[in-house]
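All values below were derived from every heavy atom in this structure, side-chain atoms included, with hydrogens, water molecules and symmetry-related copies excluded. We name chains A, B, ... by the order of the sequence lines, and we start the count at 1 in each one.
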Amino acid sequence: MHRWSELFIPTLREAPADAEVASHKFLVRSGYIRQLSAGVYSYLFLGQRSLNKIMGIVRQEMDKIGQEFFLPALHPRELWEESGRWSVMGDNMFRLKDRKGTDMCLGMTHEEVMTSIARKELRSYKQLPQIWYQIQTKFRDEARPKAGLLRVRQFTMKDAYSFDIDAAGLDVSYLKHYDAYCRIFDRCGLKYVVVEAHSGAMGGSQSHEFMVRTPAGEDQIVGCESCSYAANLEKATSKLAPVEDLAAAGDGRPLEVHTPNMKTIEDVSKFLGTSPKNNIKTLAYMADETDPENGKAKLRAVVALLRGDHQLHETKLSSALAGRQTRPMQEEEIKRFFGSPAGYLGATGIEWAKDLGDRERPVLLVDKALEGRANLVGGANKEGYHLKNLTPGRDFQPTIYADLRTVTAGEDCSNCGGRLRIDTAVEVGHIFKLGYKYSESMGARVLDRNGKEVAPIMGSYGIGIERILTAAIEQSNDENGFWLPPQIAPFEILVTPTNMKDDILSSTALDIVRRLEAAGFEVLLDDRDERPGVKFKDADLVGIPFRVTVGKKVTEGTVEVVRRSTREIQDASIAAITEYFEKLLRPSR
RNA sequence: CGGGGAGUGGCUCAGCCUGGUAGAGCACCUGGUUCGGGACCAGGGGGUCGGAGGUUCAAAUCCUCUCUCCCCGACCA
């Protein structure tokens, strides 16, 4: 029997001063967690119980499609050099040396370790497909940990990896995970959306994120109000209303106009009496062209062109560059490259790379919204001057056209024309098709049906365990505390006798707890010698979805059952209390 | 990494400007009265004022350095 008086449940009347978001405040106030250092937390009794239940659900569903492993968190440097991520991960990876001075790191994910097992052991297509997963501590030296358990440096992740002989097999493994994830989040009682996500620099082809909408989130997701379209902002597209091009001025060739001190699109279009939609926004970046072979650091100029009223999305920019890192050009670099200060930049008069493989010349990325447009206004690369009549493909040759712009709320869905909305959300799960990146670079090979050596195709799938708890709290809280779905709450029922010194109340409460426990419920008895008000306040705080108040009504043979989420109170017969909760919590049986 | 803020008892915070040797509420311990929404009375314990150095007769308070934490931004397979 779990007696509150004997347990360590350090509830706080006030939230710690440094807590901002609801889940952070309540996790600390309810005695679920305590902070050790920035982004590093201890999980106490209630918190660990809840996380254990979440992991139990994850394990059950994952066991249906895969096999549980447990891999080391401590990895040798060589392994990460094989995949190239020792350098790619940069400061986000915790690194250390052992006593011999050998470089080691703490795992951020386990593609390398899993692949190292696969390459040693997998020999034949007959052994495929394989799905291996684990629930493990992950370490990421986040530049800025924040918001309690939302963004931390040490956390628990369920990560899974699939190995298939071909893309069709990967499709199957991917779908299995998609379905398993839906079951997991459903069973955890989360309201979530699945969005298309960009698959990142790792050469992935398809990717979905499982998101929980909450203002505390750090990701932005786009959703259609009319159809099922949903995507991460860094991937989302929309349908744009057509724009009328300006009539050609003069002979139709680029025409220089004097625009003194007109440095912004707004100024220029006002000055010329045009709309920003007929302007070209020119943004200058430097991309990392470090040679992966010899590690020689190199930068290359990248210029992005967008419609004047559009915003660049830097992740899209990076994706368009096959994952290269970018940063805005500095003032000096701009002057050197364009021969003009910012405000008058344009794409004319520069010889651009023909494709991304052409590593010598600068890259010109043009947003798709400018494809087919004509007679636009843009900078002349000359202080105080802009050009009219600019037509992409004629006056400058784009390296590629790409989707670079940020979708904004209220635009039309490219699927159905419905209205798009944007919400912030927390990512609780992410699945994606890795392709051959790890199997190829790390030398995993199996023989296919024809006896030919091929690299297996991989997928990788993650779930943030603590984020499920955090998201659940963000979804269900009020000024007094929070409530968790029974499936992931540390206890399903809290039994609160209003006065422990009253023998009838305390013995009735004990009896109720015994019977509920015998019936398989997870029950916490608040047997503390506290005033009722104190117990009720704590009961509201700690996330347990149901409370049984054992009070005056015992003389009538009843107790009160309080549903935390709605505050709804029902009298229930003491004699039939187990049946009452059977109906409520185990309706399928 | 850039910008901002904060470190004083377990928690929330005052005191700092204007230097004189630390205080409130909550929590905790003892006794009593209470007992359906964070009780009351009486008594009590607990603080290297984040750390180091400096100025001064005297430093929580002024100066320098440093560590830690929080917020905004950058970053985020």
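Counting any heavy atom pair closer than 4.0 Å across all strands shown, A:S460 reaches no nucleic acid atom. Residue contacts shown for A:D502 are absent, as no nucleic acid heavy atom lies under 4.0 Å away. Contacts of A:M500 with the nucleic acid, taken as non-hydrogen atoms under 4.0 Å apart, are absent. Within the nucleic acid shown, A:P145 comes within 4.0 Å of sugar-phosphate atoms alone, with no base atom in reach, counting heavy atoms only. If you check every strand for non-hydrogen atoms under 4.0 Å, A:K146 touches sugar and phosphate atoms only. At the heavy-atom level, A:R29 lies under 4.0 Å from base atoms of the strands shown.
Going from atom CG of A:L149 over to atom C1' of B:C70 covers 16 Å, rounded to whole Å. Atom NZ in A:K25 sits roughly 12 Å away from atom P in B:C71 (whole-Å rounding). What separates CD of A:E209 from P of B:C76 is a distance of 14 Å, to the nearest Å. Atom-to-atom, CE of A:M108 to C1' of B:C76 comes out at 9 Å; the value is rounded to the nearest Å. Distance, A:E530 CD to B:C35 P: 15 Å, rounded to whole Å. A:R151 places its CZ atom 11 Å from the P atom of B:A74, with the value rounded to the nearest Å. For the pair A:E218 CD and B:A74 P, the interatomic distance rounds to 11 Å; values are reported in whole Å. Distance, A:D529 CG to B:G31 P: 13 Å, rounded to whole Å.
One C1' atom belongs to B:A74, the other to B:G3, and the distance between them is 11 Å to the nearest Å. Taking the C1' atoms as reference points, B:A52 lies 27 Å from B:G10, given to the whole Å. Straight-line distance between the C1' atoms of B:G4 and B:G44: roughly 43 Å, to the nearest whole Å. B:G2 and B:G9: their C1' atoms are spaced 36 Å apart (whole Å). Nucleotides B:C16 and B:C49 have their C1' atoms positioned 11 Å apart, rounded to a whole Å. Here the separation of B:G23 from B:G47, taken at their C1' atoms, is 11 Å to the nearest Å. B:C26 sits 37 Å from B:C65 when the C1' atoms are compared, rounded to a whole Å. For the C1' atom pair drawn from B:U30 and B:G51, the interatomic distance equals 37 Å after rounding to whole Å.
Distances from the side chain of A:T549 to the nucleotides B:C35, B:G38, B:G36 place B:G36 closest. Relative to the side chain of A:N92, the nucleotides B:C76, B:A77, B:G36 differ in distance, and B:C76 lies closest. In this structure, of B:G36, B:C69, B:A77, it is B:A77 that holds the atom nearest to the side chain of A:T109. Counting only heavy atoms from C-beta on, A:K501 has its side chain closest to B:C35 among B:C35, B:A77, B:C70. Closest contact between the side chain of A:R547 and the listed nucleotides B:A77, B:G37, B:G38 involves B:G37.
Partners of A:E196 according to the side-chain contact (heavy atoms from CB on, under 4.5 Å) rule, which considers only residues two or more places apart in sequence or in another chain, are A:H208, A:Y229, A:A231, A:K235. With sequence neighbours excluded, the residues forming a side-chain contact (heavy atoms from CB on, under 4.5 Å) with A:D219 are A:M211, A:N232, A:E427, listed by chain and number. With sequence neighbours left out, A:T11 forms a side-chain contact (heavy atoms from CB on, under 4.5 Å) with A:W4, A:I9, A:D538, A:L541, A:V542. Partners of A:R13 by salt bridge (charged side-chain N to carboxylate O under 4.0 Å, His left out), not counting sequence neighbours: none found. Residues satisfying the side chain to side chain donor-acceptor pair (under 3.5 Å) test with A:H310, not counting sequence neighbours, are A:R307, A:R405. Here A:E556 pairs with A:K553, A:T558 under the side-chain contact (heavy atoms from CB on, under 4.5 Å) rule; sequence neighbours left out. The ring-ring contact (aromatic ring centres under 6.0 Å, His included) check on A:W132 picks up A:F69, A:F163, with sequence neighbours excluded.
The aromatic rings of A:F482 and A:F26 lie tilted to each other, with the angle between the two planes from 30° to 60°. Classification of the A:Y174-A:Y461 ring pair by plane angle, with boundaries at 30° and 60°, yields tilted. Below 30°, between 30° and 60°, or above 60°: for A:Y192 and A:F210 the angle between ring planes is between 30° and 60°, a tilted geometry. The aromatic rings of A:H430 and A:F432 lie tilted to each other, with the angle between the two planes from 30° to 60°.
Pairing for B:C35 is absent, with no Watson-Crick or G-U wobble pair whose two atom distances lie under 3.5 Å. Nucleotide B:U30: paired with B:A42 (Watson-Crick or G-U wobble, both distances less than 3.5 Å). B:C11 and B:G25 make up a base pair, with Watson-Crick or G-U wobble contacts both under 3.5 Å.
The salt bridge (Lys or Arg N to Asp or Glu O under 4.0 Å) pairs that include a residue from residues 25-38 of chain A number zero, where partners must be two or more places apart or lie in different chains. Here salt bridge (Lys or Arg N to Asp or Glu O under 4.0 Å) pairs that include residues 490-508 of chain A, with residues two or more places apart or in two chains, are A:E492-A:R586, A:K501-A:D529.
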Shorter than 3.5 Å, N or O on both sides, protein versus nucleotides 40-44 of chain B: list them out with atom names.
none

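Applying the 4.0 Å criterion to OP1 and OP2 of B:U68, one finds that A:Q35 has every side-chain N and O outside that range. Between B:A39 and A:R531, a contact under 4.0 Å exists linking OP1 or OP2 to a side-chain N or O.
Positionally, the nearest nucleotide of RNA chain B for A:R13 lies more toward the 5' end than for the other of A:E142 and A:R13.
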Base versus backbone protein contacts along nucleotides 1-13 of chain B [heavy-atom cut-off under 4.0 Å; B, S, -]: -----------SS
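Remark: the A:D403 side chain and the A:T237 side chain contain no N/O donor-acceptor pair separated by less than 3.5 Å.
Between the side chain of A:R140 and the base of B:A77 there is at least one donor-acceptor pair of N/O atoms closer than 3.5 Å.
With a 6.0 Å cutoff to the six-membered ring centre and a 45° limit on the axis angle, A:R95 counts as a cation-pi contact of A:W86.
A heavy-atom distance below 4.0 Å to RNA chain B is reached by these residues of residues 559-576 of chain A, ordered by number: A:E560.
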